[in-house]
Every structure is written in C-alpha cells, then in structure tokens.
Participant: 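Provided herewith is a single structure, encoded as structure tokens, for subsequent inquiry.
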Protein chains: 2
Amino acid sequence: MATMQDVARRAQVSIATVSFVLNNTKPVTAATRDRVEAAMAELGYRRNPAGSALARGRTDIIALLYPALQRQLHATATRFFTSAAERASERGFSLVLWPAANEAAQIDELTRSGLIDGVLLMEVQLEDARVDALRRGSTPFALIGRTQDPTGLPFVDIDFEQTVVSAVEELVARGHTDIAFVYDHSGPTTLHAYGAIARASRTFHDTLAQSGLTGTSVDCRENPRAGRRLGETFRDDFPDVTAVLIMNELASPGFTTGLRRSGTAVPEDLSVLSIVSSETVASMSDPELTFMRAPAVELGRLGADAIIDRITAPDSALPHTLVPCELVPGSTLGDAPAR
Amino acid sequence: MATMQDVARRAQVSIATVSFVLNNTKPVTAATRDRVEAAMAELGYRRNPAGSALARGRTDIIALLYPALQRQLHATATRFFTSAAERASERGFSLVLWPAANEAAQIDELTRSGLIDGVLLMEVQLEDARVDALRRGSTPFALIGRTQDPTGLPFVDIDFEQTVVSAVEELVARGHTDIAFVYDHSGPTTLHAYGAIARASRTFHDTLAQSGLTGTSVDCRENPRAGRRLGETFRDDFPDVTAVLIMNELASPGFTTGLRRSGTAVPEDLSVLSIVSSETVASMSDPELTFMRAPAVELGRLGADAIIDRITAPDSALPHTLVPCELVPGSTLGDAPAR
DNA sequence: TTGTAAGCGTTATCAA
DNA sequence: TTGATAACGCTTACAA
C-alpha cells in the first residue's frame, strides 16, 4: 500500500507537494502536478483515511441512524437511504447506515469517537432522547423527521399536514362524509410517538372539523395480517364509514384482502386511500391501491444536503424543509355511495 | 474531547500506562489501574478511532456491500443486514452498510483506503467482478452467496439445492407431476446471473428428471404487477401445470392476485409454493402463501462470523456453510387435482 | 511554487 | 510494573 512518502519520492517532490495536488489546496506548476499524478497512478496510490482523519480532524463520513434493529427497514425507508447516500457521494462524503446506534448512550459513544463528521437521524419521535443527546454534543446533525417542537433544529420531513389535507379534500370532494383514519396506535415501540403519526392524526381531525365533519380513528398494527383482520370486520364494525385513509404501509394490502373476503366492494362500498406509501406495496394490493407516495428520493437528497451543509457551513441557516406526498392514481378511490 | 494525554496527566501516569489499561495489553497494578479508570471516567474519555486505526492499522469496521443503489433492498436482505450487524457488534466490530461500492473499481477504492478491515459481500453473481477484485487485493472478505466455483472462497449461503429438492419432493408427494418454476430470467441487472437463480433452476430440473418428470421454466420480472399479469393468463398459457414453485418474492403476491382474478382456484386448481421468501410478503398474498423462509437471521450471523474469523484468524479454515430454507405452512399448497 | 517540520491521538518497542 | 519515544500517514503553518 503506497503512501504519500512513496509518491513524493517517485515524483521527486516533497510530501507536502503531493498533498497540495491531491487536495487542490495550493497552486502547483503544471509540470510538477503531472509528475505527481503520474507517480500516483503508477503506484496506485490511495489516501489513507485514518491518517487524513487524524490530521484534519474530519473523516467525511456521515452516519445514518435508523432503528433498523428494532423496526423493520421498509421499502420507503430504503429509498431514503439510497437516495441520501447517492447525494452524499456526489458531495464527497460517504453516508453509511449505522445500525448499532439508536439509543442516547450509543449516540454519545458514536459522536465522541470522532469517527464520523455528522449524523442524519431517521424515525424521529415527538420526544426523542437521541435528539437531546445530539443537542448536548457538538457533532453536526440533521433530522429526517421532526420532534414536537423542531424550532432550532435542522430538519427535512414529509409535510404530513399538507398530505392529509389533500387526502381529506380529495375524499370530501367525492362526497365522503364519514371517514376513518387507520394507523398503528400502539406504544412507543412502534410508530405511536412518531411525529408522523401524531401530526397526521391531528391534521385529519382538524381538517374534518373545518368541514363540520368528524372522523374515526382506527387502530391497526403494522403487518399484513392485522390489516386483513381489520378489513374482514370493518363493514360490521364501522357500517357508516365510506372512505378510509390508511397510514400503515405494511397493513394496507392485507386490509384490502380482508375487505374483499368480507364482501366489501372497493371502491363501490368503501374507498381506500393509502398515504405515505410506495408503488411496490400499493401494487401488491388487490385492487391496486390509490396512494400518496412518500417523497423518499427527494427527502433523501435534501437530508444529505442538510447534514453536509451543517458540517461544511455551520453558520448557514437551519433547513426547515417540508415536502408533501403526491397522489398516485390506483383503483381504490371512488365517489361516496348514494344513501 | 479528552485525549489519552489528558487522562495520563490526571492519573499521574504515562500515556503508555493508559494504553495498557485501556487495551488490557500489559499487567498493571490494581492501584494504578484504578487511578487511570477513575480519570477516564471523570473526563469522559473515548478512544479516538482515527488515531487508533493509524497506529494499529485496523479500524474494527466491516463494510457490508449490497448493490442497494441498483437493486431494491428487500425485506429478506434487510434481515441479513440487521442480523449480521448485531453479531458483529457482539464481537466488537461495527458492521455498516456501504452503498457506494458495488463495482470492482469502487471496491479497490474502498479496500485500499484502509478504512475498513473487511468486506462482506451480498448478492453474489456466478461470475462476479467484485469477487475477483477482492481476490486480487489483500483485504479479508467473505461472501453471503457463492460464485460458480466457490472453492477457495469463504462463504455462507442459502442451500438452494436442498431447498428446491425439499420443495419439489413436497409437491411430488402431493401428486403433482406437472410443475412450473417461476423466476426472473432477465439480464444481469436483476437476478439472472445470481447464483441463487442458477442453482435453484438447475436443481429444479435435475430433481424432476430423477422422478422421470419434466418441469417448465416461466419468466417473471421482480415486481408485483408482473406477477399479476403472469397469474392472469397462467391457466391459459400452462393448462396442464398443477403446481408452481416461485422464487420471486416481490412478484408472488401479485401472482396469486392474478390467479384469483382469472378464476384459478388456489390451491384447488393450482398449488403455489414460494421459496426464499419471508413472512411479511407471504402474508400480503391472498390466500396467504405457503413458503420456504430464507434463513436470513442465521445467515447474517454466520456471515458476520465468517468475515470476522478471516480478520482475526486468517489461517482458520474457510467456511463453506449452507443453510436450507424451512417450510412455513400457508394456504396455497394442496394435492394435485384428479385428472 | 515548493520544502521543512510540527502536530493529530494511539500503539508498541525498548529501557529502566 | 511503568515510562520514553518512535512510528502510523497525512495536513498545514511557516520558511525558503
């Protein structure tokens, strides 16, 4: 493994000069530059990141923290990741998924180690101990998601409010007046405390209230079987509901299965609109779900930009970016049945 | 951020002594050890990995290379990852998902950088340029998967041969004599050249041949819609087939949907057995798929052990471990219809 | 424009 | 049992 010293020797220059051409950090005559580059090529030289990190105090590595060990890494989340990684790479950083760092203590550990330059946090909860840990520390960070009060925090997030408003408007425009909102109500081990759920749910009720309507909240765990069970008894349990907003990607295909099995016609008897979902899962359902696509690719890019900006320009304005989901037509949305 | 020097000063010992207690690398009197540990605690000292890496020439970081930027990170793959990460952490290593290193050149880049101690490779193809690159280099590596001829390579993999044999036996025992095997035949951008497909397909035909039967290969892209289209015309296109072995997790729920839509009763008219799949996806199907579960958790652990053994004991025997999938009952397997 | 040399934080050898 | 000290590979004033 060739070192800078080797390159310098071969190019007959000092080690400093090699560094200058490698990093474009000082002007170098074309001739010397050529010699150095030739030497690097011949030796197959690669900068040793450990040495570089030690000298610069930076590693150009960003950790994406996702509770993958506890929660399932679902289709949408993986898109965030790949998109963010791609963007980071464009900007000269490596973004890696760090699975073993999802409690406050582990975050302390990771950030104080100096191994990484910044942290991108996913699956943020309304009250999130990890965010507190990051705040206390000095490692730059950004959130994909938001806490209860994200003032003073750099974040990018899905615009759940706007998404739900659009979704409800869509349903109301089609004449629906009795609408249910399905999501996982269970404790903080799943989505309960996640900002996503909290914001969407509140907006759902607020928006309906403004139209003089009231909505129903329905609980459903995040797996296809729970969705199916819900679907099977839905008509009996909620006879007046004509449209369902479901924010539970994993349960959604099961839900339509359950409806079909119990003889509930979709969308004739019941419209279903899945929000914050993806093509892959929506097309597993029968009929294919009309859904609102999570802007995973865009948010991934924005998230990467957010954390990299924090690192490279700590004084820049904090990003507070919200991106709504976009409606993708399917076969589960219809007009309210006549009464 | 406290350094060793700070700790040494505070504990009134030399920096070397601090290193000895930190790494348990030389005997130290209980008294001094206590002083040092106290100092570390008081200062909240953490070892700086960059310095350590530079001095030791090791980082204790393992990169899991998965073509996540090209292929979708599916449910089963994420289980591999989380399981491997957990095991690595138990053994004192960090295993991170490295998205931007899936071509030979990038692998050179990554391994020569010295940033990581080892590489765990997923989605291995029969002829895999990445494996060649790793062979040429000196970075320890292990495969989750196999090339055409894996002799001399450390690997753990699904026992596709055994899995398919069991699957076929199951179907034959139920009287099926006309069996189709569904998978994605398309080019190397998807599974085509992956060992998984090649091995399973060959075994499928061999096993049937031994029973004096012949099987049919059927092409289907890896997405739910392709599965559905296939299902919709399956009866017409393959009127004699009574059982389907499908190795295409993403397409499988769509396939049952297509069958149902075209009036093909499962399992009365057609049995379906999905191999190398997972609970999550199998239960999205209606009826729920009988499937053979990919041993993701076990293989993840074994993969982590494999690469860590290569790093810590380069002379140990090369692992050649195969683990078959296990049958999980569902509702899509039945006896062959009487003729 | 290029070179010298002092760090960056650890590890590990060699003495004491 | 402990302490000096020379690496490890790179960056970056400061000098020339």
Side-chain angles (χ1 to χ4, degrees), chain A residues 1-40 43-61 92 109 111-117 138 312, chain B residues 1-37 39-40 43-61 92 109-117 138 312:
Chain A
M1 211 125 297
T3 78
M4 260 186 157
Q5 201 50 265
D6 302 330
V7 175
R9 227 185 326 267
R10 177 159 197 127
Q12 319 235 49
V13 296
S14 85
I15 177 180
T17 307
V18 178
S19 177
F20 298 155
V21 343
L22 188 62
N23 303 306
N24 250 306
T25 164
K26 280 203 179 172
V28 169
T29 336
T32 14
R33 149 167 280 114
D34 287 350
R35 283 218 312 290
V36 171
E37 281 170 349
M40 296 203 293
L43 295 170
Y45 170 79
R46 306 280 143 186
R47 170 205 277 110
N48 175 324
S52 173
L54 192 54
R56 293 190 310 148
R58 274 189 43 182
T59 60
D60 293 344
I61 299 179
E109 190 87 38
T111 54
R112 305 174 74 162
S113 79
L115 222 188
I116 53 154
D117 288 351
S138 56
T312 56
Chain B
M1 211 125 297
T3 78
M4 262 187 155
Q5 200 51 264
D6 301 331
V7 176
R9 229 186 324 268
R10 179 158 196 128
Q12 317 237 49
V13 297
S14 87
I15 177 179
T17 307
V18 177
S19 177
F20 299 153
V21 342
L22 189 60
N23 303 307
N24 250 308
T25 165
K26 281 204 177 171
V28 168
T29 335
T32 17
R33 150 168 278 115
D34 287 351
R35 281 218 313 290
V36 171
E37 281 170 348
M40 296 204 293
L43 294 170
Y45 170 78
R46 307 277 144 188
R47 168 203 278 113
N48 176 326
S52 175
L54 191 54
R56 292 191 311 147
R58 274 188 43 182
T59 60
D60 293 344
I61 298 180
E109 194 77 47
L110 179 64
T111 55
R112 306 175 74 160
S113 78
L115 221 187
I116 53 155
D117 289 351
S138 55
T312 55

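Lettering of chains follows the sequences in order, A, B, ..., and the numbering in each one begins at 1.
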Participant: Do you know the tightest heavy-atom contact between A:A53 and B:A50?
Facilitator: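 That closest heavy-atom pairing would be CB-CB, 4.0 Å.
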Participant: Between D:dC10, D:dT2, C:dG3, spot the one nearest the side chain of B:V28, thanks.
Facilitator: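 That would be D:dT2.
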Participant: So what does B:R46 hit on the nucleic acid, given a heavy-atom distance under 4.0 Å: a base, only sugar-phosphate, or nothing?
Facilitator: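 Result for B:R46 = sugar-phosphate.
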Participant: Is there a side-chain polar atom (N or O) of A:S14 under 4.0 Å from OP1 or OP2 of C:dT4?
Facilitator: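 Checking C:dT4 against A:S14, no side-chain N or O comes under 4.0 Å of OP1 or OP2.
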Participant: Can you figure out which of D:dT11, D:dC10, C:dT10 approaches the side chain of B:N48 most closely?
Facilitator: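 Among D:dT11, D:dC10, C:dT10, the one nearest the side chain of B:N48 is C:dT10.
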Participant: Can a donor-acceptor pair be found, under 3.5 Å and without considering hydrogens, that links the side chain of B:T29 to the backbone of B:A31?
Facilitator: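 No.
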Participant: Choose from C:dT11, D:dG9, D:dG3 the nucleotide whose nearest atom is closest to any side-chain atom of B:I15.
Facilitator: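 The answer is C:dT11, which lies nearest to the side chain.
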Participant: Check the distance between D:dC10's C1' and B:L54's CG and give it to me in whole angstrom.
Facilitator: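 Atom CG in B:L54 sits about 8 Å away from atom C1' in D:dC10.
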Participant: Measure CZ/B:R9 against C1'/D:dG3 and give the value in whole Å, please.
Facilitator: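 It is 15 Å, rounded to the nearest whole Å.
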Participant: Whole angstroms only, please: what is the CZ-C1' distance between B:R47 and C:dA12?
Facilitator: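 Atom-to-atom, B:R47 to C:dA12, this comes out as 14 Å.
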Participant: Quick one: A:Q5 CD to C:dT4 P, roughly how many Å, whole number?
Facilitator: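 That distance rounds to 10 Å.
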Participant: Can you spot which of B:N23, B:T17, B:V21 makes a side-chain contact (heavy atoms from CB on, under 4.5 Å) with B:S19?
Facilitator: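 Passing option: B:N23.
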Participant: So, OP1 or OP2 of D:dC10: does either fall under 4.0 Å of a side-chain N or O from A:S52?
Facilitator: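 For D:dC10, neither OP1 nor OP2 has a side-chain N or O of A:S52 closer than 4.0 Å.
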Participant: Run the side chain to side chain contact (heavy atoms under 4.5 Å, CB included) test against B:A2 and tell me which residues pass, sequence neighbours left out.
Facilitator: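 Here the qualifying residues are B:D6, B:L43, B:Y45.
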Participant: Look at all strands and tell whether A:V18 reaches a base, only sugar-phosphate, or nothing, counting heavy atoms closer than 4.0 Å.
Facilitator: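 The answer is nothing, as A:V18 stays clear of every strand by at least 4.0 Å.
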Participant: Answer yes or no: does a side-chain N or O of B:T29 lie under 4.0 Å from OP1 or OP2 of D:dT2?
Facilitator: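 For B:T29, the contact criterion (side-chain N or O under 4.0 Å from OP1 or OP2 of D:dT2) is met.
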Participant: Given side chains that start at C-beta, do those of B:T32 and B:R35 come closer than 4.5 Å, heavy atoms only?
Facilitator: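 The answer is yes; the side chains approach within 4.5 Å.
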Participant: How long is the line joining CE of B:M40 and P of C:dG9, in whole Å?
Facilitator: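 Interatomic distance, CE of B:M40 to P of C:dG9: 17 Å.
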Participant: At less than 4.0 Å, is any side-chain N or O atom of A:T3 found next to OP1 or OP2 of D:dC8? Yes or no.
Facilitator: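 Negative; the distance criterion is not met.
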Participant: Minimum heavy-atom separation for B:A39 to B:A11, with atom names?
Facilitator: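 Taking every non-hydrogen atom into account, CB-CB, 3.9 Å.
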Participant: Could you check how far CE of B:M4 sits from C1' of C:dA12, rounded to whole Å?
Facilitator: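 Nearest whole value for this atom pair: 11 Å.
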Participant: When we call it a touch if two heavy atoms are under 4.0 Å apart, what does A:S19 touch: a base, just sugar-phosphate, or nothing?
Facilitator: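 Base contact - A:S19 has a heavy atom under 4.0 Å of at least one base atom.
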Participant: Can you tell me the distance, in whole Å, between the CG atom of B:N24 and the P atom of D:dT2?
Facilitator: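 In whole Å, D:dT2 P lies 13 Å from B:N24 CG.
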Participant: In whole Å, I'd like the distance from the CZ atom of A:R56 to the C1' atom of D:dT12.
Facilitator: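 Spelled out: CZ on A:R56 to C1' on D:dT12 is 12 Å.
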Participant: Enumerate all atom pairs, one protein N or O and one N or O from nucleotides 13-16 of chain C, separated by less than 3.5 Å.
Facilitator:
| from | atom 1 | to | atom 2 | distance (Å) |
| --- | --- | --- | --- | --- |
| C:dC14 | N4 | B:K26 | NZ | 3.1 |

